[in-house]
Amino acid sequence: MEIKKNLNIEAILEAINKDNLVVFIGAGVSANSTLPSWSDLIKKFAQGLGMSRDLTTDDYLRIPQYYYNQRGMKEYYQKINDIFNVKLTPNIIHDRILELKPKHIITTNYDNLIEQAIEKHLLFYDLVCEDLDLPYTSNGRLLIKMHGDLDRKNIVLKEDDYLNYSTNFKLIESYIKSIFVNNTVVFIGYSLQDYDLKLILKSLQGILGEHFQKAYLIDSDEIIKSTVEKEYFMNLGVNVIDIADLPDSYKKLEIEELESDKGKNIVRILNYINVYNNINYNVLDFYYNKLLLFKDLQKVRIKDIVLKLGIEGSYRLEKGNLFRVDRLNKNSKFNDILLLLKDIQVNLNTHSYDVRKKYEFINTAFLKAGILQVEIGPSGDDSIIYKVDTSCKDKEPSIINNLLMNNYMEIELLAKQYYKTINEFKGTYANELMRAYGNYLMNRFVSAYEILKKISIEAYREKNYVTFYIIEFNKRYLIKKLKYIQVYPSIRNDMSEEVYLDYIRSLIKEYETSNINLEEAFEFLSKKEKESIRFLHDLVQEQGYILQKLNRVQKLKDKVGEEVNTSYYGVDPVAGALNDLIVDAYEFWDYSNYNFIMLDHYSEVKEYYYYFVDSLLNTYSKEKEELGKGELDSFFGDGANLMPNYIFNLKDINIICRYLNWKKINELFVKYDIDNVEVSISSVIIKGCFINIVNSYGKTKHVRNLKEMMNNMFLFLSKVKIDKQDFDDIIVSLIKLLSSNYINSELYSGLLHFIKGQAIFGNVTSETINNLTLCFINKVLDTEYNTHRGGHEVSALSEYNYIKELVTSVELKEELNVGVNEINKLLDSIQFGELRNKKQDIIFDIFMPLSLHLSNELKELIKNYIIENLNQRFSIKQYSIACLNRAINPSNELEQKSYEQVTELKKSQGKSPVKVSPDPLQENLSYLIRLLLDDKILNKERFQDFIGINNLYDFLILKENYNFENVFELEWLTYLNNKELKKMFNHEKVIKGLKEKFISEIIKNDLSKELKAIYFQHFG
């Protein structure tokens, strides 16, 4: 088909998109429903006056006036009623006009045909026939009968009507003139010689002059106007569209519903306008214009690009970023654009700059959605495949790389870079939006808000609605955050900038009085403007977008759980819900971070990513190892595929660090019994991420979030094999941080997890433990960080038993190089210095765990000090801990003190009316139990005085003489060594007492491995 590019038609279609098209309907439309044209109407009046001469245009107003003057008003209206008062129905032209979806319809006709057509199509237009109707219109879409209505007897036909029009229709006249200012007007059913048309145009030109917006006229004449004639009307402000503008196939199109050739031409032209875009003269231009609205975004969601591409069939993003479309609807041109892109790709340099520009933009749009390859139809020879040109990819924003690498020092530098213009993006908005995002990431909420406030006004003025929506969404979030800080001022400590509370209040007040409502603002946009940002509208629906994502990830998580515990035969197990989950999560991450959308602090976002990480770690579940070993495996042979362990990448690690809680991470490791996690990134990159966050913690003010992120890093990387040299470099950076900064006690817990995990991989040596221990002792001694009131290091001792856990994390093959100087300093400090109130913490949580791993000189020094301390102020708890840590040897003298202390508690039991929890007697017996279990009681006979208080204690004292009819837990047997067990099982009483208990537990299938071994050894 021959396609004609027509700027006039494109202007009309543009107006339809903007919802500012106004249609004027003339008598030529109603004439096709057998009503007379204006000239035919005048002839009927002339016949009534006995006039038979040929009429001129000057007669069109005078003859009705003559009739009115001669016959009077009654006969005048009777004449009109006789002509128009017949039962008529709308014609196809009315239908085609309404398909244009005009904002307003204005007609000079008196009939009700257009009203009938509107009712037929169930459309809503407020009817205006006189000035008094205008104030009562509420719909926003008007049908204006500017020449009045027969039923109201206010029609405009005779000369006096036209002369008095400005008086009788003052409001309507003014309103119609205003319509021409900001709307595109199309005249249908008028001839170029029409008096009404010329009168309207001349009136408007007199007011607006050169600023008069061009109107358009559908010329239905068979005789094509000459160029001179068309230019004449162009000077009047009317661009003419006639059948010469149509392709031949449309010129010959048969319109069976009409008889009039002029009417048929109107329908042909309107048909062509309605399908003009579908015919599309240039598929490259079509898709370029469709995707152009994404130009201000750095990343695009799949569903948004699908919507703009007009894909109605099923689609998905598969492994390898393959975008597969199963089928297209019959009108889709997506096949054509892919074939064209392939052709351009082969000979790119031979094409014009304009073609290359559009080709690059379309490829960039694909890449923004994470699409590397497009395939239409099922895999096979008949499918259409297009590999996206990755050379068109935009440069990554610097903040994204810094975010992934945990380089918050660089992000803070960017956030504070007010003295220097950022030029990473072509437009100002993206650069400043990125700066605002940097401030947000660093908890500089006020600075972020101030940047957004400035560029919001500029984006609004320039109608950059995509950027404006993102800015306003971010502003709304920041105000919520500031309101929370206003209510709880102590939370200001979380901010990394100093701001007065009064200033925060002023920002909140300013925002609340600005009356910016994104939902309402959206409704005020034109149709085209709405379409340009509709894909963003779900974002501003008060967490609607986030809740949708959360709902989806929960469903996908359940499906992944099912697939992990399924054997697959001839099917890729990763191609299902797990792939969909990864695509969804990465798109969410990319969309929010690349477009600088502030979502991090929403609890629903954290929950979303928790479910995501849960699903990834579920692939490590030990349960799946049991799959494929039963009947199915025997039937299918070796063809069963299990879900492979997921291999984590840099983005996954970033999600874990930023959005999860370290305790939750640990719970997931325990839940799935995970020993190690596989990663796709090099050990050097891991080291870089770790050292960056360590350095950022030490050098930026953004401490709270970084503390949580570092702990998350500790927990996750405790399961990741790191190269030895990279591990050592991480320890060096950690020691530097630990030595010179306030370190929250929780970080020491995270560090212990990291050290224990890396010890399994063989990275932790005696030197590692020695350096960390020395660093910790020196930090405890530093009065800047720890005093008699306490400190984070002292808290780490009591809360997490830091030193004991540290020195037992690996088998130490040599003495720790902790010097006499450090130990003496600690002794001096707890006796006479800043740490005197923390004496017990230092003794039991540093000296005792260390004593086994120090030189003999230091062991003796610590032993003497502990014994001296126990003699001065005895505690059975401290004695038992010292013995169990082998810091001292059991002694009869101190054992007697233990006996006396328990005896006193036994005597006082029940005498106090106040019940103490935990029970002091039971608590002290628990320390004796520990000593019994480690064979650290020298004289057990004296301790028989406490039999009858605690069953486990009784068993450990009596052993083979214990009455097994009393409460007995089989698990107690695991506390005994082989020699003690053998001695016990030599007694018939013991065998008889325990055998029934064992058999009962075996039937329940409730025996541990250790107990099973004991049973088969002694009963087998």
Shortest non-hydrogen separation from [X] to [Y] and the atoms involved:
X      : Y      : result
Tyr125 : His104 : CE2-CA, 4.4 Å
Glu497 : Ser447 : OE1-OG, 2.6 Å
Leu403 : Asn654 : O-ND2, 2.9 Å
Ile273 : Leu13  : O-CD2, 3.5 Å

Do the side chains of [Y] and [X] get nearer than 4.5 Å, heavy atoms only?
X      : Y      : result
Phe445 : Met598 : no
Asp590 : Arg301 : no
Lys101 : Leu21  : no
Asp600 : Leu441 : yes
Ile311 : Phe323 : yes
Ile371 : Ile302 : yes
Leu7   : Glu10  : yes
Asn274 : Leu100 : yes

Subject >> Ring-face cation of Lys651 near Tyr586 (centre distance under 6.0 Å, axis angle within 45°) >> reply: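 Geometry flag: set, cation within 6.0 Å and 45°.
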Original post:
So among Val388, Thr364, Leu367, which one has a side-chain contact (heavy atoms from CB on, under 4.5 Å) with Lys393?
Top reply: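 Per the side-chain contact (heavy atoms from CB on, under 4.5 Å) rule, the option paired with Lys393 is Leu367, out of Val388, Thr364, Leu367.
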**OP:** Apply salt bridge (Lys or Arg N to Asp or Glu O under 4.0 Å) to the pair Asp126 and Arg141, showing each step before the final yes or no.
**Re:** CA-CA 6 Å; Asp126 289 330; Arg141 293 183 177 274; over 6 Å; no
Original post:
Do the ring centers of Tyr272 and Tyr276 come within less than 6.0 Å of each other?
Top reply: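 Distance test on ring centres: under 6.0 Å, yes.
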Original post:
Is the Tyr216 to Phe187 ring centre distance short of 6.0 Å?
Top reply: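 Between Tyr216 and Phe187, the centre distance exceeds or equals 6.0 Å.
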Consider only side-chain N and O atoms of [X] and [Y], and report whether a donor and an acceptor are under 3.5 Å apart.
X      : Y      : result
Tyr659 : Glu607 : no
Asp336 : Tyr287 : no
Arg658 : Asn593 : yes
Tyr460 : Glu472 : no
Asp389 : Ser391 : yes
Tyr408 : Asn692 : no
Tyr437 : Asn474 : no

To the closest 0.5 Å, what do you measure between [atom1] ([X]) and [atom2] ([Y])?
X      : Y      : atom1 : atom2 : result
Leu317 : Gln373 : CG    : CD    : 11.0 Å
Leu338 : Gln345 : CG    : CD    : 11.0 Å
Ile471 : Glu432 : CD1   : CD    : 10.0 Å
Met442 : Ser496 : CE    : OG    : 5.5 Å

For the residue pair [X] and [Y], does the interplanar ring angle fall in the parallel (under 30°), tilted (30 to 60°) or perpendicular (over 60°) class?
X      : Y      : value
Tyr386 : Phe366 : tilted
Tyr609 : Phe588 : parallel
Tyr602 : Phe473 : tilted

**OP:** Spell out, as yes or no, whether a donor-acceptor pair under 3.5 Å connects the side chain of Ser456 to the backbone of Lys453.
**Re:**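 Checked: no pair found.
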Original post:
Do any N or O atoms from the side chain of Asp19 and from the backbone of Ala15 form a donor-acceptor pair under 3.5 angstrom?
Top reply: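 No, because the side chain of Asp19 does not come within donor-acceptor range (under 3.5 Å) of the backbone of Ala15.
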**OP:** Would you please test Asp584 and Tyr608 for side-chain hydrogen bond (donor to acceptor under 3.5 Å, both in side chains) and show each step?
**Re:** CA-CA 11 Å; Asp584 195 81; Tyr608 173 92; 2.6 Å; yes
Original post:
Which one of Lys481, Arg435, His601 satisfies the side chain to side chain donor-acceptor pair (under 3.5 Å) criterion with Tyr440?
Top reply: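 The residue from Lys481, Arg435, His601 that satisfies side chain to side chain donor-acceptor pair (under 3.5 Å) with Tyr440 turns out to be His601.
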Subject >> Verdict with supporting geometry, Arg461 and Glu458, salt bridge (Lys or Arg N to Asp or Glu O under 4.0 Å) >> reply: CA-CA 5 Å; Arg461 287 172 180 165; Glu458 295 171 2; over 6 Å; no
